[in-house]
Amino acid sequence: MNMQRWNRKYATDITADDDGERVSVAGWVHEKRDLGGVFFLIVRDISGFAQITLPKKKVEPELFEQVKRVPRESVVVVEGEVKSEKKAPNGYEIIPQQIDVLSEASPVLPLDTTGKVGAELDTRLDARFMDLRTERTKHIFIIRSLTLRTIREFFDERGLIEINTPKIVSAATEGGTALFPISYFEREAFLNQSPQLYKQILMASGFDRVYEIAPIFRAEEHDTTRHLNEATSVDVELAFVSDKEVMALLEELIAFVYSRVVDYPGLAKLNVKLEVPAIPFRRITYDEAIELLSGEGEQIEWGEDLGTSAERTLGKIMGELYFITDWPCAIKPFYAQPAAEGICNAFDLMHPRLELSSGSQRVHSYELLKRQIESKGLGADSFEFYLDAFRYGMPPHAGWGLGVERLLMSMLEVENIRDVVLFPRDRRRLTP
RNA sequence: GCCCGGGUGGUGUAGCGGCCUAUCAUUGAGCCCUGUCGAGGCUCGGACUCGGGUUCAAAUCCCGACCUGGGCGCCA
């Protein structure tokens, strides 16, 4: 099949100025409106919609009859003449000479692509290929792409190097979450929960500013609107800096991403009121957080982690993106640098709705790190591959991990995290 | 892991012991209509998750299974 002969254009690349030009558009039959003497065929492609108009008296009778029979969502190529027309949605319409049906769709669709009738998330995920044909879902994933591109641009401008660390790992991990076991030849291995240990090892290599955007796997059997078993993490690690510098980098990144997304025209389809957050974000200490919570009648024992309702209450009080700093070491991982009296140089970045990121100044002393691993009840032996990197020249360093899906869902006011993943993996879903 | 909901045409819903031969919208099949843009009008088609129980009578009540939404915990 010679696709080139069609001189294909995207629907929105055609304008009224192309009046008289012969073009073709390829896409899906979005809607058909039969008014008797005139027939409108709306063809949808990734860019938008093109109105194909068939006045009964001006087109071939066979063509007119053919169009009537094409089921919605069939794939067609329409070749015809552009006509400037004020009454048409984009100011132009196409009077077709030929319509090729490349793939006829089964007539009863798994969900409505026009937005007239809603569909539940489960139904949409089962037929994700068709859900992606709807305006809202399409724009979410274009924004996801824009976000990832923007993050890379941001890091690139600042000289960070993009790295790729293994996703198949041995048992030794930072702890805190359940792992997916896999069979690795004659041994047991796991899917990585985060690139934490590897990006830190890189700090001993001279690669002093690195980032990775990659999947992470958590075997938690949770069933909420903000958890996934396979998620995407943006991880950053910088040497010769403290937690303060990486916090600044993080808030600048968030504001930069927001500023790009705000400019994306398709944002209007999502009905989101998006404002670029002012930096620096507010910073409160853990102590201040439990103080604020106590004022709202929510008692948190010092040293206790903040639960879901505490996060929500704090979110209401703060009303914008904010950092919680100076966490008790007891509820932070072994690699967080202790400051004073059980407090670590660790931070969480919070959106009023949920946690987006956490990070810290890292322990770079071999002896201290070893002690901390042991005091968390982990065996230092199995961390040898990690600890080794701290014995031959490890600079001070700091970093964070940011959940891409959480950033997207909070930014786009999406209710369920599954909505920002093409093919989400959760407690029950393994297909499609 | 604990706790609470829900499974009705393709999709989204109403009904919650007899008025159900099951509502409405959309979709599908077809007819009418020359400017639609959620087009309009008319006709037709299409469903009570499965298994057991209670009852004169079950979509409706009970039990189990399966599927599913959410909250908590844990976690990013």
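Naming convention: chains lettered A, B, ... in sequence-line order (proteins, then strands); numbering from 1 in each chain. Heavy atoms only: backbone and side chains are in, while hydrogens, waters and symmetry mates are out.
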- Quick one, which residues of residues 111-125 of chain A touch RNA chain B with a heavy atom under 4.0 Å? A:Lys116, A:Val117, A:Gly118, A:Ala119, A:Glu120, A:Asp122, A:Thr123
- Note on the structure: Taking B:A76, B:C75, B:A39 as options, the one with an atom nearest any side-chain atom of A:Leu228 is B:A76
- So what does A:Asn416 touch, heavy atoms closer than 4.0 Å: a base, only the sugar-phosphate, or nothing? sugar-phosphate
- Query: Does A:Arg158 make a cation-pi contact with A:Phe154 (under 6.0 Å, within 45 degrees of the axis)?
  - Reply: yes
- Toward the 5' end of RNA chain B, by each residue's nearest nucleotide, A:Asp305 or A:Asp426: A:Asp426
- Checking B:U36, B:C72, B:U27 against the side chain of A:Thr308 (C-beta onward), the nearest is B:C72
- Message: We want to know whether A:Gln372 and A:Tyr335 form a side-chain donor-acceptor pair, criterion being a heavy-atom distance below 3.5 angstrom.
- Response: no
- Message: When the P atoms of B:C72 and B:A47 are compared, how many Å lie between them, rounded to an integer?
- Response: 40 Å
- Task: Could you measure between the two C1' atoms, the one in B:C19 and the one in B:G15, and give it in whole Å?
- Result: 12 Å
- Item | Nearest-angstrom distance from the residue atom CZ of A:Arg429 to C1' of B:C66 | 16 Å
- Any donor-acceptor N/O pair, A:Lys199 side chain to A:Val236 backbone, under 3.5 Å: yes
- Measure across A:Asp112 and A:Val117 and return the closest heavy-atom pair with its distance rounded to 0.1 Å. OD2-N, 2.9 Å
- Message: Quick one about A:Ser360 and A:Asp243 (side-chain donor to acceptor, distance below 3.5 Å, no hydrogens or angles considered), yes or no?
- Response: no
- Message: As a test of reading the structure: which of B:C37, B:C72, B:U34 is closest to the side chain of A:Arg33, going by heavy atoms?
- Response: B:C37
- Task: Write down the partner of B:G5 under the Watson-Crick or G-U wobble criteria, each distance required to be under 3.5 Å.
- Result: B:U68
- Report yes or no: is there a donor-acceptor pair, N or O only, under 3.5 Å between the side chain of A:Glu220 and the base of B:G1? no
- Keeping the roles fixed (side chain from A:Asp426, backbone from A:Arg429), state whether a donor-acceptor pair exists under 3.5 Å. yes
- Note on the structure: Paired to B:C61 by Watson-Crick or G-U wobble criteria (both distances under 3.5 Å) is B:G53
- P atoms of B:G7 and B:G12, separation to the nearest Å: 13 Å
- Query: Quick one: are the ring centres of A:Phe323 and A:Phe347 less than 6.0 Å apart?
  - Reply: yes
- Task: For B:C44, give its Watson-Crick or G-U wobble partner with both distances under 3.5 Å, or none.
- Result: B:G28
- Would you please classify the geometry between the A:Phe334 ring and the A:Tyr386 ring as parallel, tilted or perpendicular, with 30° and 60° separating the classes? perpendicular
- Task: For B:C61 versus B:U8, give the span between their P atoms, rounded off to a whole number of Å.
- Result: 15 Å
- Query: Rounding to the closest angstrom, what is the interatomic distance between B:G53 and B:G17 at atom C1'?
  - Reply: 15 Å
- Query: Using purine N1 to pyrimidine N3 plus N6-O4 or O6-N4 for Watson-Crick, or N1-O2 and O6-N3 for G-U wobble, each under 3.5 Å, what pairs with B:U36?
  - Reply: none
- Item | Candidates B:A76, B:C33, B:U36 - which lies nearest the side chain of A:His227 | B:A76
- Message: Distance check, C1' atoms only: B:C74 and B:G1, in whole angstrom units.
- Response: 9 Å
- Taking the P atom of each, how far is B:C33 from B:G46, in whole Å? 28 Å
- Hey, does the side-chain of A:Gln51 have a donor or acceptor N/O within less than 3.5 Å of a partner on the base of B:U36? yes
